[in-house]
Number of protein chains: 2
Amino acid sequence: MATKPPFISVWARETPPPRRGREHPALSREQIVRAALELLDAEGMEALSMRKLGARLGAGATSIYWHVSNKDELLELVLDEVYGEVRIPELTEPASWRDAAAVFAYGMRQAMLKHPWMVPLLGVLPSFGPNALAVNNTLMTAFEEAGFTGKTLDYAVGAVVSYTLGATTPEVTWLNMVARSEAGADEWLTNLMRQVEVAAADYPDMLARYSTEDFSDMGVAKSLTFDFGLVAMLDGLEVRLRWHLDESKPPDPSSASPAVDAAVDAAGRG
Amino acid sequence: MATKPPFISVWARETPPPRRGREHPALSREQIVRAALELLDAEGMEALSMRKLGARLGAGATSIYWHVSNKDELLELVLDEVYGEVRIPELTEPASWRDAAAVFAYGMRQAMLKHPWMVPLLGVLPSFGPNALAVNNTLMTAFEEAGFTGKTLDYAVGAVVSYTLGATTPEVTWLNMVARSEAGADEWLTNLMRQVEVAAADYPDMLARYSTEDFSDMGVAKSLTFDFGLVAMLDGLEVRLRWHLDESKPPDPSSASPAVDAAVDAAGRG
DNA sequence: ATCCTCATCGTACGCTGTGCGAGTGACTTC
DNA sequence: GAAGTCACTCGCACAGCGTACGATGAGGAT
């Protein structure tokens with residue numbers, strides 16, 4: 001059992017000093033990353049192999065390894081390239097932290113929907129690239145100007161980012177599945193529904209709920225769901241912002257009722 | 001370029017009727033799933049190959065394919081097995097929907113931290129298994145008893161699930177990285193910090209914020225962050241529950257200020 | 001004893017990431 | 001001009017992957 005080599009983020013490793021070399025190298029890191037991005041968008045994650053990427057660049061497969069030390073490293077670069085698409089405009093109004101958050105959330109969601117292959121990567125690769133940092137910084141600054149400070153600032157920004165990620169992930173999973181079902185999405189969906197109905201026979205409430213569901217305009221429904229949760233989160237944060245500004249203590253400092261504590265402890269021991 | 005076969009969820013495919021066969025087949029689906037789960041927990045995703053799994057079961061690699069048609073299908077089964085660990089106790093108090101949500105959130109988070117390999121899977125495989133449905137159903141029922149109905153019910157539950165997923169994902173990514181860095185976590189972290197400082201030189205605010213950060217007790221910090229966002233979300237939902245019960249319209253039906261609309265539209269076109 | 005079905009397994013195919021060493025051409029130094 | 005250095009490219013090879021396929025055997029049913 002060969003232990004796998006340690007993971008070192010591109011952004012954490014020493015970059016060799018640029019020495020003068022040939023004028024026109026055939027390959028460049030930017031070029032490779034761009035080609036990889038195109039390939040991923042066109043055919044998805046499992047279509048990206050070093051050989052295919054090399055072929056697309058008119059180069060040998062292993063030539064890539066001069067510019068990039070790993071496939072993981074390449075993926076880190078591509079991922080940060082996507083973060084570059086998430087642009088948050090300067091919003092100078094006072095208390096426009098809500099707008100900044102909303103623009104980020106929708107931008108991030110759009111990026112994830114446009115590049116579905118990136119979603120699993122978020123669970124494996126860190127997001128320390130310059131573009132990811134820039135996005136994060138913009139959000140931080142907007143929240144800071146609104147009055148969030150210290151840990152509350154981190155908490156609030158983290159909450160918005162978390163919701164955005166978590167809300168979009170299953171959406172992308174769903175779309176991936178529909179896309180992969182080659183047959184018409186309709187027939188595939190009814191097939192799935194029938195099976196789920198069987199599996200969910202034990203839960204009559206669930207069946208009742210599903211039967212009233214409208215699957216015709218899924219896109220709109222997903223958007224509404226996303227917006228609902230986002231606004232709910234922002235409202236919750238706004239309450240905390242007021243507490244923060246007034247330096248008033250929240251009425252109940254902890255979320256945990258005794259019942260919750262007990263259940264969480266039990267789960268922890270299991 | 002061979003087009004990949006379509007994806008068909010385990011839960012959506014026809015299961016062959018059980019015919020009477022040998023009394024003691026050497027392998028069983030449950031056994032395989034359990035062994036796969038152990039292997040994944042012990043050595044992570046990329047250590048799970050059909051050959052290794054077969055070896056661990058004292059069987060040939062391809063024998064597994066009698067009980068499971070795919071590696072993806074096996075992973076779907078293992079994933080649902082993990083959902084089985086997320087148990088939400090019966091909370092019969094009125095208005096205990098908050099407790100139910102909190103217990104789910106902490107349970108799900110714990111499961112994800114315990115089985116880090118599952119996080120990327122959430123972006124690829126659907127969660128239609130019986131255990132996943134059970135968890136979802138319990139949450140739904142608790143919210144319904146509290147007064148959520150119709151689409152608002154879906155929205156509210158979805159918001160809690162989304163936040164939980166999205167908040168835990170980067171946590172797991174982080175832990176994975178630290179674990180993979182073979183060298184002491186401390187030295188690895190300082191190394192990363194140095195590089196990030198260089199990369200973030202353009203953002204003086206960010207540097208200032210990071211320097212006041214305390215990295216000593218990361219676990220506690222992450223827990224606090226998680227709880228903060230969760231309670232914020234629940235507060236936001238509680239406001240909506242009251243609107244819902246009073247059938248009063250929210251003061252501002254949409255989150256979108258003109259500035260946000262413009263920005264979102266621009267992103268959509270890009 | 002014969003047949004039929006369930007279940008297991010060995011082999012093989014095409015694919016993957018990537019380590020290694022040889023090759024190539026341009027620039028620097030004499 | 002000659003020699004050397006160095007950036008860069010590439011072919012080969014290795015170990016491993018998922019899994020299609022056909023052979024093989026082990027029971028129960030007849």
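In what follows, every heavy atom counts, from backbone to side chain, and hydrogens, waters and symmetry copies are set aside. Chain naming here is simple, since letters A, B, ... match the order of the sequence lines and numbering starts at 1 in each.
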* Among all residues two or more places apart in sequence or in another chain, which pass the side chain to side chain donor-acceptor pair (under 3.5 Å) test with A/Arg87? ->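 Side chain to side chain donor-acceptor pair (under 3.5 Å) check on A/Arg87 returns nothing, list empty.
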
* To do: Mind checking side chain to side chain donor-acceptor pair (under 3.5 Å) for A/Asp41 and listing every partner two or more places apart, or none if nothing turns up?
  => A/His115, A/Trp117

* To the side chain of B/Trp66, which of C/dT16, D/dC17, C/dT8 is closest? -> C/dT8

* Give the nucleotide from the list C/dT16, D/dC17, C/dT18 with an atom nearest to the side chain of B/Lys71. => D/dC17

Are any protein N/O atoms closer than 3.5 Å to N/O atoms in nucleotides 9-11 of chain C? If there are, list each pair with its distance.
residue: C/dC9; atom: OP2; partner: B/Gly60; partner atom: N; Å: 2.9
residue: C/dC9; atom: OP2; partner: B/Ser63; partner atom: OG; Å: 2.8
residue: C/dG10; atom: O6; partner: B/Thr62; partner atom: OG1; Å: 2.7

What is the separation between atom [atom1] on [X] and atom [atom2] on [N], rounded to the nearest whole Å?
X       : N      : atom1 : atom2 : result
B/Ile64 : C/dT8  : CD1   : C1'   : 11 Å
B/Ile32 : D/dG18 : CD1   : C1'   : 15 Å
A/His67 : C/dT18 : NE2   : C1'   : 16 Å
A/Leu48 : C/dC15 : CG    : P     : 16 Å
B/Leu57 : C/dA7  : CG    : P     : 16 Å
B/Leu53 : D/dT19 : CG    : P     : 12 Å
B/Gln31 : C/dA7  : CD    : C1'   : 13 Å
B/Leu74 : D/dC17 : CG    : C1'   : 15 Å

* Spatial distance of atom CG (A/Leu57) from atom NZ (A/Lys52) [nearest 0.5 Å] -> 14.0 Å

My understanding is that only residues two or more places apart in sequence, or in another chain, count here; which of them pass side-chain contact (heavy atoms from CB on, under 4.5 Å) with [X]?
X        : answer
A/Met218 : A/Trp174, A/Leu189, A/Phe215, A/Lys222
B/Ala36  : B/Leu48, B/Leu53, B/Leu74, B/Val78
A/Thr173 : A/Thr169

* Asked: Quick one: salt bridge (charged side-chain N to carboxylate O under 4.0 Å, His left out) partners of B/Arg34, sequence neighbours excluded?
  -> none

* Asked: Bend across the helix from C/dA1-D/dT30 to C/dC30-D/dG1, to 10°, with axes taken over 5 pairs at each end?
  ->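 Here the local axes at opposite ends form an angle of 10°.
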
* Asked: Are B/Asn70 and D/dG18 close enough that a side-chain N or O sits under 4.0 Å from OP1 or OP2?
  ->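 Looking at the OP1 and OP2 atoms of D/dG18, neither is under 4.0 Å from any side-chain N or O of B/Asn70.
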
* Shortest non-hydrogen separation from A/Pro170 to B/Leu165 and the atoms involved ->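 Closest approach of A/Pro170 to B/Leu165, heavy atoms only: CD-CD2, 4.3 Å.
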
* So which pairs with a foot in residues 158-174 of chain A pass salt bridge (charged side-chain N to carboxylate O under 4.0 Å, His left out), sequence neighbours left out? -> A/Arg109-A/Glu171

* **Pairs flagged by salt bridge (charged side-chain N to carboxylate O under 4.0 Å, His left out) wherever residues 117-134 of chain B is involved - sequence neighbours left out** =>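 Matches after skipping sequence neighbours: none remain.
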
* Scan residues 115-122 of chain A against DNA chain D and write down, sorted by residue number, each residue with any heavy atom closer than 4.0 Å; if none is found, say none. => none

Below 3.5 Å, can you tabulate the donor-acceptor pairs from side chains in residues 125-140 of chain B to any protein atom, sequence neighbours excluded?
residue: B/Ser127; atom: OG; partner: B/Tyr83; partner atom: OH; Å: 3.1
residue: B/Asn131; atom: ND2; partner: B/Asp80; partner atom: O; Å: 3.1
residue: B/Asn131; atom: ND2; partner: B/Asp80; partner atom: OD2; Å: 3.4
residue: B/Asn137; atom: OD1; partner: A/Arg209; partner atom: NH2; Å: 3.2
residue: B/Thr138; atom: OG1; partner: B/Ala134; partner atom: O; Å: 2.8

